[in-house]
Peer 1: 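Attaching a single structure in structure tokens format; questions to follow.
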Amino acid sequence: PSGSEPATKIVINLERLQQLPADKVGPLARYAAAIQSQRGDYNGKVLSIRAEDLRSLAIIYDMSPGELTDQLIEWGVLPPEARPGTQVG
Ligand code: C2E
Ligand code: C2E
Ligand code: C2E
């Protein structure tokens, strides 16, 4: 089935995020940078964020959390396994 369920484990691919145009990922990139700053976590290739943060970001992007999950997977910012129901090891 094609999505609409929000991701439960959100691990953002920071390298991919850097490659995408700011007009698309600007708000997400700023949000991730703010979390990195609050944690003092600057050296990771990925960043784990809260499920609650996905809901905040969905409001910013004017989407449902499930739609934003699909968008992030399409951009390659989240792995396809982030979609609930996908079986991983
Ligand atoms: P994992 O959750 O599967 O994460 C695998 C690796 O992804 C981590 O290896 C780390 O290199 C990277 N990673 C994931 N999220 C972040 C993030 O928000 N920031 C940064 N900088 N890197 C991230 P690492 O650090 O050796 O951790 C190995 C495993 O130890 C993790 O596997 C997880 O199972 C556990 N772990 C580490 N930190 C935490 C934590 O804060 N909470 C929990 N519950 N487990 C943690
Ligand atoms: P805080 O929310 O008061 O959390 C204080 C500390 O509790 C965090 O310090 C972290 O050590 C731990 N903590 C809280 N929730 C979790 C969690 O779900 N998993 C893990 N592994 N640890 C947790 P830290 O990391 O230095 O963060 C400092 C402050 O930065 C946090 O204070 C919060 O205000 C903000 N922050 C950091 N990461 C995030 C995030 O992913 N989302 C949001 N919304 N805020 C974050
Ligand atoms: P995690 O550390 O494996 O935490 C998994 C879930 O346990 C969190 O999902 C949250 O529901 C709960 N949890 C863990 N620590 C705390 C805590 O101190 N207070 C509360 N109220 N709940 C806690 P959530 O929120 O979706 O976070 C997913 C992942 O995002 C966390 O996995 C962790 O890797 C990262 N994360 C979230 N908040 C913080 C933070 O403040 N600091 C750091 N360093 N990592 C965070």
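Start at 1 and go down the list; that is how both ligands and their atoms are numbered.
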Peer 1: Using heavy atoms and a threshold below 4.0 Å, how should the contact between R39 and ligand 3 be classified: side chain, backbone, both, or neither?
Peer 2: side chain

Peer 1: Might you check, step by step, whether the distance between atom 11 (O) of ligand 2 and some protein heavy atom is under 4.0 Å?
Peer 2: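 False for atom 11 (O) of ligand 2.
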
Peer 1: So, regarding N43 and ligand 1 (criterion: nitrogen or oxygen to nitrogen or oxygen, under 3.5 Å), is there a contact or not?
Peer 2: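 No, there is no polar N/O contact under 3.5 Å.
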
Peer 1: Looking at atom 38 (N) of ligand 3, is any protein heavy atom nearer than 4.0 Å to it?
Peer 2: yes

Peer 1: Protein heavy atoms: any of them under 4.0 Å from atom 14 (C) of ligand 2?
Peer 2: yes

Peer 1: From the options R50, Q38, K9, select the one whose nearest heavy atom is closest to atom 24 (P) of ligand 3.
Peer 2: R50

Peer 1: For atom 32 (O) of ligand 1, is the nearest protein heavy atom closer than 4.0 Å?
Peer 2: no

Peer 1: When you measure from atom 7 (O) of ligand 2 to the protein, is at least one non-hydrogen atom found at a distance under 4.0 Å?
Peer 2: no

Peer 1: Would you say that K45 contacts L14 through its side chain, given a criterion of any heavy-atom pair below 4.5 Å between the two side chains?
Peer 2: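 Side-chain contact under 4.5 Å: no.
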
Peer 1: Treating T69 as the side-chain partner and A7 as the backbone partner, does any N or O pair qualify as donor plus acceptor under 3.5 Å?
Peer 2: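 Such a contact is found between T69 side chain and A7 backbone.
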
Peer 1: Output the list of atoms in ligand 2 that are nearer than 4.0 Å to some heavy atom of I35, sorted by atom number.
Peer 2: 38 (N), 39 (C), 40 (C), 41 (O), 42 (N)

Peer 1: Does atom 20 (C) of ligand 2 have any protein heavy atom closer than 4.0 Å?
Peer 2: no

Peer 1: So if I count the atoms of ligand 1 from 1 in the order they appear, which ones are less than 4.0 Å from some heavy atom of S48?
Peer 2: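 Atoms satisfying the 4.0 Å criterion: 14 (C), 15 (N), 16 (C), 17 (C), 18 (O).
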
Peer 1: Checking contacts now, so for atom 17 (C) of ligand 2, which I'm interested in, is there any protein heavy atom under 4.0 Å?
Peer 2: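 No; the ligand atom in question lacks any protein heavy-atom contact below 4.0 Å.
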
Peer 1: Please work out whether any backbone atom (N, CA, C, O) or any side-chain heavy atom from C-beta onward of D41 is under 4.0 Å from ligand 1, and answer side chain, backbone, both or neither.
Peer 2: side chain

Peer 1: Give a yes or no on whether atom 42 (N) of ligand 2 lies under 4.0 Å from any heavy atom of the protein.
Peer 2: yes

Peer 1: Identify the protein heavy atom lying closest to atom 44 (N) of ligand 2, giving its residue, its atom name and the separation to 0.1 Å.
Peer 2: D53 OD1, 2.9 Å

Peer 1: If you measure from each non-hydrogen atom of I49 to ligand 3, which part falls under 4.0 Å: side chain, backbone, both or neither?
Peer 2: backbone

Peer 1: What do you think, any protein heavy atom under 4.0 angstrom from atom 29 (C) of ligand 3?
Peer 2: yes

Peer 1: With distance as the sole test, does Y61 use its side chain to make a donor-acceptor pair with the main-chain N or O of L28 at under 3.5 Å?
Peer 2: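 A pair under 3.5 Å: yes.
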
Peer 1: Would you sort out whether I35 and D41 count as a side chain to side chain contact (heavy atoms under 4.5 Å, CB included), showing the intermediate values?
Peer 2: CA-CA 8 Å; I35 288 172; D41 180 7; over 6 Å; no

Peer 1: Can you list the ligand 1 atoms lying under 4.0 Å from a non-hydrogen atom of L47?
Peer 2: 17 (C), 18 (O)

